[in-house]
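Shown next, in structure tokens, is the structure this report addresses.
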Amino acid sequence: MSNSNIRVRFAPSPTGPLHIGGVRTALYNYLFARKNGGKFILRIEDTDQTRLVSGAEKYIIDSFKWCGIEFDEGVASGGDYGPYRQSDRKHIYPAYAEELVKSGHAYYAFDTPDELNKIRTDYELQKLTFVYNAVARKKLRNSLTLTEEETNKLLESGEPYVIRFCMPENKIVVMNDMIRGKVEVNTSALDDKVLFKSDGMPTYHLANIVDDHLMEISHVIRGEEWLPSLPLHVLLYEAFNWEKPEFAHLPLLLKPDGNGKLSKRDGDRLGFPVFPLEWKDPKTGNISTGFREEGYFADAFINLLAMLGWNPGDERELFSMEELTEAFSIERVGKSGAKFDPVKAAWFNHQYLIRVDNETLAGLLMPIAIKNGVLVEKEQLSIAVGMVKERVNFVSELWDHLDFFFKQPENYDHKSVKKCWKEGSYNQMAELKDVLLEVDDFTAENTEKAVKKWIENNEYKTGAVMNAFRLLLVGELKGPHLFDIVALIGQEASVERIEQGLHEIGRIEN
RNA sequence: GGUCCGUUCGGCUAGCCAGGUCAGGCCCCCAGGUUUUCAUCCUGGUAACACGGGUUCGAAUCCCGUACGGACUACCA
């Protein structure tokens, strides 16, 4: 299944942080390349000078590094097909644009943006839509309506111009998409897209085709939002007389509620991250949280993203990157958009968290313990983590489930006191203190045996005693097996907590 | 408005290409069970083929239409 001719790329525009839809697109490209023994390339499409955001390119690279998505070639990795940043390739595009003019597939247009905007507004006033197409181009200032002499004069005088694709009239373009199959469109519905801008840079459409060709890209796997541009791209390959790559347009990632493309706004509104890493907007200073900062494990993040739009065809849901690579195929990518579900996302993280060993989790939890002003032995913390990790989705939630191991209750939950602190509780707990003091080897088993024997001898109610005991140790009615708690906090501390509790809660007079 | 894409439980989806299953799984939710607490865990449950035609002995599956949703429609990518 190995094919060294397979080359795919992820080609983001560094206009801001990468959102999870982009990460998923990159992931599918990566998996496709790995699965088929091909190469995966990172190309930066920064042809729009006005929309560059500083730090965005670094953010993109850092994000993939965190996720474990690796590039064989690209801006950070090098390679034989560079440079991999389109602004660094600026010099190569004009010749290609001019080649199309010479072959009659494109033309110079001298309309200014202002002129075109005015025409568009006028059309709108008449409830019409202006389309720069075969009809319109005949009435505008371009190398098709001007004489060759006039055109050359304008070009030489430094008049700003763009190069537009000369869209054929009434021709059916037949395309194939690996996910959607055959797609046909009539060129009459298409317009004369700008290929080369007046600022000397190519547009996306030109740069994309030229670079994919020069970089020998075999499969273009990108978001569905590009499907409407596919006819233009196909026509460009044909105009250049180049071999076309295969195309696959991935379904969109949708917002959790309602319909529509997932956006940064949805994350802010519904309180979940839409970016892999935290992003600070350099202009506004606004901070958007990332999956990493929210406590997602990188492999859980990859796993949940992979399952949004793809499935293995059987009932497995948990996949390592290696397993994904093995199982992935474009054929099993769905056609329809997938809503991002933050609840299931958290479930994925839970699945990973419970599989992480206790020592590692304790290491991650340590800073939180310190922040809470509690000095903890890592070994103790590991044991406590092992007892409660099933209960949480994120490391950050762990502390609330085990802080009582490491500090005495500061207060006693009212409801719990009301529920389980009865008339006899004070005396029972006072007795229990002495029972604990007499246990030699203070293990969970020994303590449990001693306490149960004492309960039996006195004919106390197990539930009542245990709940009162739990209340004094934990401060409320929660937590793991009581004798595991006792064993971990130790004989001395257990007795101390009973004493403190007796003092704080006192006798109940009924 | 135009072009293109899409449509199975509340969500992610299997099944569709090669018509015949009580339409399956996971998340959520609900109910029981286990448990000295809380949780975990176990068992069970609610719940879907957008609609209308056609083809066929038989349609979620093939065809046509309708509705709805989405993407695109910049000298942005």
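Heavy atoms only: backbone and side chains are in, while hydrogens, waters and symmetry mates are out. Sequence lines set the chain letters: A, B, ... in the order given, protein chains first and strands last, and positions in each chain run from 1.
Residue-level contact check: A:Arg316 touches neither bases nor backbone, having no heavy atom under 4.0 Å from any strand. A:Thr112 comes within contact range of at least one nucleobase, with a heavy-atom separation under 4.0 Å. At a threshold of 4.0 angstrom between heavy atoms, the contacts of A:Glu476 with the nucleic acid are absent. Backbone-only engagement by A:Lys261 is indicated by non-hydrogen atom pairs under 4.0 Å involving sugar-phosphate atoms exclusively. At the heavy-atom level, A:Val183 lies under 4.0 Å from the strands shown only through sugar-phosphate atoms. Residue A:Asp111 is classed as a base contact, given a heavy-atom separation below 4.0 Å to a base. Residue A:Gly479 is in base contact, counting any heavy-atom pair closer than 4.0 Å across all strands shown. Counting non-hydrogen atoms under 4.0 angstrom, A:Arg180 reaches the backbone sugars and phosphates but no base. No engagement by A:Gly181 is indicated, since no non-hydrogen atom pair under 4.0 Å with the nucleic acid exists. Within 4.0 Å of A:Pro251, counting heavy atoms only, lies no atom of the nucleic acid at all. Residue contacts for A:His481: at a heavy-atom cut-off of 4.0 Å it reaches a base atom on one of the strands shown.
Ion pair A:Asp257/A:Arg269 flagged as a salt bridge, since at least one NZ, NE, NH1 or NH2 atom sits closer than 4.0 Å to an Asp/Glu carboxylate oxygen. Under 4.0 Å is where a charged nitrogen must lie from a carboxylate oxygen, and between A:Arg316 and A:Glu323 no such pair does. Under the 4.0 Å criterion applied to side-chain N and carboxylate O atoms, A:Lys452 and A:Glu448 are assigned as salt-bridge partners. Ionic pairing of A:Lys193 and A:Asp191 is present here: one or more N-O contacts between side-chain nitrogen and carboxylate oxygen are shorter than 4.0 angstrom. Comment: A:Asp192 engages A:Arg137 in a salt bridge, judged by a side-chain N to carboxylate O separation of less than 4.0 angstrom. Classification of A:Arg43 and A:Asp212 as a salt-bridged pair holds, one side-chain N sitting under 4.0 Å from a carboxylate O.
Looking at A:Asp266, its side chain never comes within 3.5 Å of a backbone N or O of A:Lys255 through a donor-acceptor pair. A donor-acceptor pair is defined here as one N or O able to donate and one able to accept, closer than 3.5 Å; such a pair exists between the side chain of A:Thr187 and the backbone of A:Lys171.
Atom name P, nucleotides B:G24 and B:G44: the rounded distance is 14 Å, in whole Å. On the P atoms, B:C17 is 16 Å away from B:A50, given to the nearest whole Å. Using atom P as the reference point in both B:A48 and B:C5, the two lie 30 Å apart (nearest Å). Distance noted for atom C1' between B:G54 and B:G58: 15 Å (whole Å). To the nearest whole angstrom, the two C1' atoms, one in B:U35 and one in B:U40, are 10 Å apart. The P atoms of B:G69 and B:A74 are separated by 23 Å, rounded to the nearest whole Å. Of the P atoms belonging to B:C51 and B:C9, the separation is 10 Å, rounded to the nearest Å. A distance of about 12 Å separates the C1' atoms of B:U21 and B:A14, rounded to the whole Å.
In this structure, B:C75 forms no base pair with any nucleotide, since neither Watson-Crick nor G-U wobble geometry is met with both distances under 3.5 Å. Nucleotide B:A18 is matched to nothing when pairs are restricted to Watson-Crick or G-U wobble geometry with both distances under 3.5 angstrom. Look at B:A59: it lacks any Watson-Crick or wobble partner with both distances under 3.5 angstrom. Pair check for B:G6 finds B:C68; Watson-Crick or G-U wobble, both atom distances under 3.5 Å. Of all nucleotides present, only B:C42 satisfies the Watson-Crick or G-U wobble test against B:G32, with each distance under 3.5 Å. Nucleotide B:A23 forms no Watson-Crick or G-U wobble pair with any nucleotide shown, as no partner meets the under 3.5 Å limit on both distances.
Contacts between chain A and RNA chain B, taken as any atom within less than 4.0 angstrom of a protein heavy atom, begin and end at B:G1 to B:A77.
Summary of the strand contacts: A:Phe483 and A:Phe110 both lie near RNA chain B, and taking for each the nucleotide with the nearest heavy atom, the more 5' one is attributed to A:Phe483. Nearest-nucleotide positions on RNA chain B for A:Lys478 and A:Pro160 put A:Lys478 closer to the 5' end.
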Stepwise side-chain hydrogen bond (donor to acceptor under 3.5 Å, both in side chains) check, A:Thr112 with A:Asp114: CA-CA 5 Å; A:Thr112 66; A:Asp114 285 347; 5.2 Å; no
Pair A:Arg180-A:Glu224, salt bridge (charged side-chain N to carboxylate O under 4.0 Å, His left out): steps then yes or no: CA-CA 10 Å; A:Arg180 284 152 225 284; A:Glu224 188 185 332; 3.6 Å; yes
Criterion ring pair (Phe, Tyr, Trp, His ring centres under 6.0 Å) on A:Tyr352 and A:Trp347, from CA distance to verdict: CA-CA 9 Å; A:Tyr352 279 79; A:Trp347 176 82; 9.5 Å; no
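Two residues are said to be in side-chain contact when any heavy atoms from C-beta on lie closer than 4.5 Å; A:Pro276 and A:Phe301 meet this criterion.
Taken residue by residue, residues 10-29 of chain A places heavy atoms nearer than 4.0 Å to RNA chain B at A:Ser13. Shown for residues 188-199 of chain A: residues whose heavy atoms fall under 4.0 angstrom of RNA chain B, namely A:Ala189, A:Val194, A:Lys197, A:Ser198.
Judged purely by distance below 3.5 Å, without hydrogens or angles, the side chains of A:Glu431 and A:Tyr460 pair a donor atom with an acceptor atom.
Between A:Met429 and A:Ile498, the closest heavy-atom pair is O-CG2, 3.5 Å.
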